[in-house]
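Everything on this sheet refers to the single structure shown next.
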Amino acid sequence: MRKILVTGALGQIGSELVLRLREVYGKDNIIASNRRIKEGHMNLIESGPFEIVDINNMDQMSKVVGKYKVDTIINLAAILSAKGEKDPSSCWNINMNGLINVLELGRAKDLQIFNPSSIAAFGSSTPPDKTPQDTIQRPTTMYGVTKVAGELLCDYYFKKYGVDTRGVRFPGLISYETLPGGGTTDYAVHIFYKAIQHKRYTSYIDKGTYMDMMYMPDALEAIIKLIEADPSRLEHRNAFNVTAMSFEPEELAASIRKHIPDFELDYDVDPVRQEIAESWPNSLDDSVAREEWDWNPKYDLDTMVKDMLEKLKDKLGEI
Ligand code: NAD
Ligand code: AKB
């Protein structure tokens with residue numbers, strides 16, 4: 001059975017991925033880690049092995065890999081787009097120097113490495129509609145720079161050293177368990193909290209701004225499917241375009257109104273995040289992921305909205 005170390009496990013993806021991986025591979029085979037303990041995660045921390053690991057601290061990470069005989073690292077430790085623009089040097093340090101540590105460990109100990117990229121790896125000179133798998137990548141945020149460099153670095157470690165690196169370009173992820181960690185697509189999560197609590201949301205992203213999105217259950221299955229994919233089918237290894245839906249704020253609001261008819265949406269656009277959003281694609285072409293490892297998301301806009309509202313109402317009702 002695999003032994004998987006998940007870094008950055010107390011973030012938006014990790015807090016759900018760890019529990020899903022524990023169902024699939026057994027709780028003792030999934031080592032959750034984060035550089036610090038964060039409030040509200042005691043369930044996850046107590047549901048199996050947990051270690052403090054800072055990916056910028058090679059000794060610490062290497063000891064944990066040795067202690068549990070880890071054979072796979074899923075590297076989720078990172079700084080996202082909006083936070084990255086506030087502190088570009090930390091964004092570079094964690095997303096690049098941390099990733100190099102992960103890849104060096106992969107090389108030294110023959111580990112499989114999954115490292116997610118993002119739609120942020122594209123920029124305004126990228127074809128914005130049905131953005132192809134292989135195309136122009138000139139991102140204008142520090143986060144995007146680290147994501148495209150990370151994609152290349154992962155390809156380099158595979159080609160040069162034979163490290164089994166894999167990854168996808170995730171779009172904005174929508175989930176109810178843990179709030180997003182400071183990205184541009186976060187509005188598409190916040191809107192659900194405000195819709196349930198106040199029947200009203202003020203969006204910092206302007207109407208008409210399309211971005212790709214995906215519901216968390218599909219994102220978790222993408223990770224598991226790709227780490228298990230037959231390597232002989234993988235022409236690409238890192239940075240597969242994956243998407244499930246593309247919408248702009250008015251379309252999301254219209255879908256929410258099918259369940260909360262008096263929900264109101266207005267705008268107070270944040271120029272920084274709006275500029276980032278406008279530099280990202282409107283919609284991705286994910287046919288290569290579908291061909292090479294049978295990527296096939298289950299949730300579209302309406303099914304995601306229905307499930308989000310049900311689950312979040314339960315969660316907020318419990319508080
Ligand atoms: P997040 O910000 O919610 O969580 C990141 C976690 O990493 C946090 O718990 C943080 O404490 C931890 N961390 C930060 N620096 C660390 C370090 N040096 N060592 C160890 N832990 C550290 O992020 P997320 O949304 O879960 O994203 C995970 C990965 O997926 C990132 O690489 C991100 O770029 C990528 N991604 C996410 C989305 C999304 O919408 N959530 C979309 C595209 C790509
Ligand atoms: C962000 O908005 O920064 C992330 C991402 C798409 O990478 N959600």
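Just follow the structure's listing: the first ligand is 1, and inside any ligand the first atom is 1. Since we're looking at a predicted model, the values are computed, not measured.
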Using 4.0 Å as the upper bound for N to carboxylate O, is an ion pair formed by [Y] and [X]?
{"X": "Asp164", "Y": "Arg166", "answer": "yes"}
{"X": "Glu221", "Y": "Arg20", "answer": "yes"}
{"X": "Glu264", "Y": "Arg200", "answer": "yes"}
{"X": "Lys311", "Y": "Asp314", "answer": "no"}
{"X": "Asp28", "Y": "Arg22", "answer": "no"}

Original post:
So, Tyr204 side chain and Thr184 main chain: donor-acceptor pair closer than 3.5 Å or not?
Top reply: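 Yes, Tyr204 side chain to Thr184 backbone: donor-acceptor pair under 3.5 Å.
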
Original post:
Is the number of heavy atoms from other residues, nucleotides or ligands within 6.0 Å of CG (Asp262) greater than 12?
Top reply: yes

What are the distances between nitrogen or oxygen atoms of ligand 2 and protein nitrogen or oxygen atoms, counting only those under 3.5 Å?
unit_1, atom_1, unit_2, atom_2, d
ligand 2, 2 (O), Ser81, OG, 3.4
ligand 2, 2 (O), Thr184, N, 2.6
ligand 2, 2 (O), Thr185, N, 3.1
ligand 2, 2 (O), Thr185, OG1, 3.4
ligand 2, 3 (O), Ser81, N, 3.1
ligand 2, 3 (O), Ser81, OG, 2.5
ligand 2, 7 (O), Ser118, OG, 2.7
ligand 2, 7 (O), Tyr143, OH, 2.7
ligand 2, 8 (N), Thr185, OG1, 2.8

Original post:
Going by heavy atoms in the side chains, are Phe192 and Met304 under 4.5 Å from each other?
Top reply: yes

Original post:
Do Ser81 and Thr141 have side-chain N/O donor and acceptor atoms under 3.5 Å apart?
Top reply: no

Please give the N or O to N or O pairs under 3.5 Å between ligand 1 and the protein, distances rounded to 0.1 Å.
unit_1, atom_1, unit_2, atom_2, d
ligand 1, 3 (O), Gln12, N, 2.8
ligand 1, 9 (O), Gly11, N, 3.3
ligand 1, 9 (O), Asn34, OD1, 2.9
ligand 1, 9 (O), Asn34, ND2, 3.4
ligand 1, 9 (O), Lys38, NZ, 2.8
ligand 1, 11 (O), Asn34, ND2, 3.0
ligand 1, 15 (N), Arg35, NE, 3.3
ligand 1, 18 (N), Asp54, OD1, 2.9
ligand 1, 18 (N), Asn56, OD1, 3.2
ligand 1, 19 (N), Ile55, N, 3.0
ligand 1, 21 (N), Arg35, N, 3.4
ligand 1, 26 (O), Gln12, N, 3.2
ligand 1, 26 (O), Ile13, N, 2.9
ligand 1, 32 (O), Lys147, NZ, 2.9
ligand 1, 34 (O), Tyr143, OH, 2.5
ligand 1, 34 (O), Lys147, NZ, 3.0
ligand 1, 40 (O), Leu173, N, 3.0
ligand 1, 41 (N), Gln12, OE1, 2.9

